[in-house]
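One structure is given below, encoded as structure tokens.
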Amino acid sequence: MVSRTITKRVRGIPTSDGAGVKLTRVIGQPQLDTLDPFLLLDEFGSDAATDYIAGFPDHPHRGFETVTYMLDGRMRHRDNHGNSGLLEAGSVQWMTAGRGIVHSEMPEQESGLMRGFQLWVNLAAKDKLTDPRYQDIAPGKIPSVEPAPGVRVRVVAGEAFGVTGPVSGIAIDPLYLDLALQPGAKVSVPVQDGHNAFAYVFEGDAVMLGGAVLGLRELGVLSTEGSVELSVATEAQPARVLLVAGRPLNEAIARYGPFVMNTPEQIVQAMQDYQAGRF
Ligand code: FE
């Protein structure tokens with residue numbers, strides 16, 4: 001049986017986005033520009049309101065999908081097509097921006113912990129101008145499975161241990177898992193061969209992955225064949241790991257802020273369409 005190994009390690013860089021929300025950019029920064037089909041991974045987490053209260057006022061997206069996974073706190077989402085929703089702790093929003101939306105993502109709290117992730121998933125050339133689509137998934141709709149003693153897995157997207165996540169109809173066939181591992185626990189997670197995958201440790205101190213140590217706030221880019229062997233040492237802290245995989249697109253990427261297309265001409269078109277109110 002083939003086991004995936006860590007081929008590259010990356011630590012996020014502190015930055016801010018929106019109207020001044022502090023976050024850590026793990027994918028979409030010089031050390032890891034993209035991990036096809038993933039364009040960006042931000043981790044946000046603070047109990048200081050000044051770090052998040054300004055939120056993300058109106059801004060556009062075209063050509064890809066944004067996936068917001070909330071761990072703590074509440075965020076209100078509104079767009080220019082009249083859609084709105086509340087992202088609460090434990091929920092996920094898989095938004096296909098497609099040909100374009102303008103939206104805001106604002107905290108619906110003035111104090112307390114706000115924590116979660118935003119992942120950007122690229123769309124294939126043929127899907128970049130598709131109709132916008134939302135999948136807002138409440139916490140109770142995300143199934144949880146215990147495949148081994150001391151291992152609890154929330155299946156957000158894809159299939160794991162006989163359980164299928166609620167996010168559906170996504171072209172890159174994503175796997176999005178939130179794994180909680182107790183000290184001494186071990187688990188083998190099957191991942192589709194040929195799909196790119198990464199693991200990111202966001203609680204605890206370290207895990208073992210494919211025979212190597214992956215530390216807290218370290219992202220491991222994984223080799224492309226086999227399953228993912230994860231364990232936590234008996235003397236270590238309980239750990240939590242994001243494990244995400246998807247089919248690479250292998251297409252040219254032209255990227256400018258919130259627009260991700262295939263050619264520079266399409267970026268110019270996106271800017272013109274946005275400025276002319278055609279989103
Ligand atoms: Fe956004």
Side-chain angles (χ1 to χ4, degrees), residues 12-29 33-35 37-46 51-89 91-109 114-123 127-137 156-157 167 170-172 174 176 242 244 246 253-261 266-267 270-271 273-275 277-279:
I13 55 169
T15 183
S16 73
D17 208 335
V21 177
K22 286 193 180 155
L23 48 82
T24 301
R25 184 146 295 161
V26 194
I27 300 175
Q29 47 113 339
D33 185 35
T34 61
L35 176 56
F38 307 111
L39 301 161
L40 175 143
L41 177 69
D42 283 343
E43 179 183 28
F44 50 94
S46 177
D51 288 346
Y52 60 74
I53 203 74
F56 301 87
D58 277 349
H59 60 278
H61 293 285
R62 172 180 279 186
F64 61 100
E65 305 180 287
T66 66
V67 181
T68 307
Y69 183 45
M70 293 295 290
L71 296 169
D72 294 286
R74 291 150 64 87
M75 194 87 90
R76 172 69 62 179
H77 163 267
R78 278 182 222 280
D79 78 5
N80 63 326
H81 300 285
N83 299 299
S84 107
L86 184 64
L87 309 182
E88 53 181 329
S91 72
V92 68
Q93 179 189 65
W94 200 294
M95 182 190 83
T96 305
R99 87 169 83 85
I101 58 113
V102 180
H103 76 162
S104 61
E105 299 151 289
M106 300 298 289
E108 192 149 293
Q109 64 189 42
M114 174 79 77
R115 190 169 70 123
F117 293 98
Q118 187 168 89
L119 177 73
W120 288 11
V121 179
N122 205 358
L123 286 168
D127 296 326
K128 282 195 177 289
L129 299 182
T130 192
D131 291 340
R133 178 187 177 204
Y134 288 90
Q135 297 186 64
D136 283 322
I137 316 274
V156 174
V167 175
I170 303 298
I172 56 106
Y176 192 120
L242 209 60
V244 176
I253 295 173
R255 179 172 187 161
Y256 184 78
F259 311 122
V260 184
M261 304 300 291
Q266 291 167 339
I267 292 292
M271 291 165 76
D273 286 350
Y274 171 53
Q275 280 156 10
R278 288 192 289 260
F279 274 28

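Numbering of residues begins at 1 and proceeds along the displayed sequence. Indexing begins at 1, ligand by ligand and atom by atom, following the structure's order.
- Close placement of the Tyr274 and Phe279 rings is indicated, their centers lying within 6.0 Å of each other.
- For His59 atom NE2 and His61 atom NE2, the angle they make at the Fe ion (ligand 1) is roughly 100°, to 10 degrees.
- Across all non-hydrogen atoms, the minimal contact from Asn122 to Phe64 is CA-CB, 4.0 Å.
- Distances from the Fe ion (ligand 1) to the N/O/S atoms of His103 are shortest for NE2.
- The CZ atom of Arg62 sits 8.5 Å away from atom CZ of Arg278, with the distance rounded to the nearest 0.5 Å.
- Minimum-distance N/O/S atom of Glu105 relative to the Fe ion (ligand 1): OE1.
- In this structure, the separation between CG on Asp51 and CE on Met114 is 11.0 Å, given to the nearest 0.5 Å.
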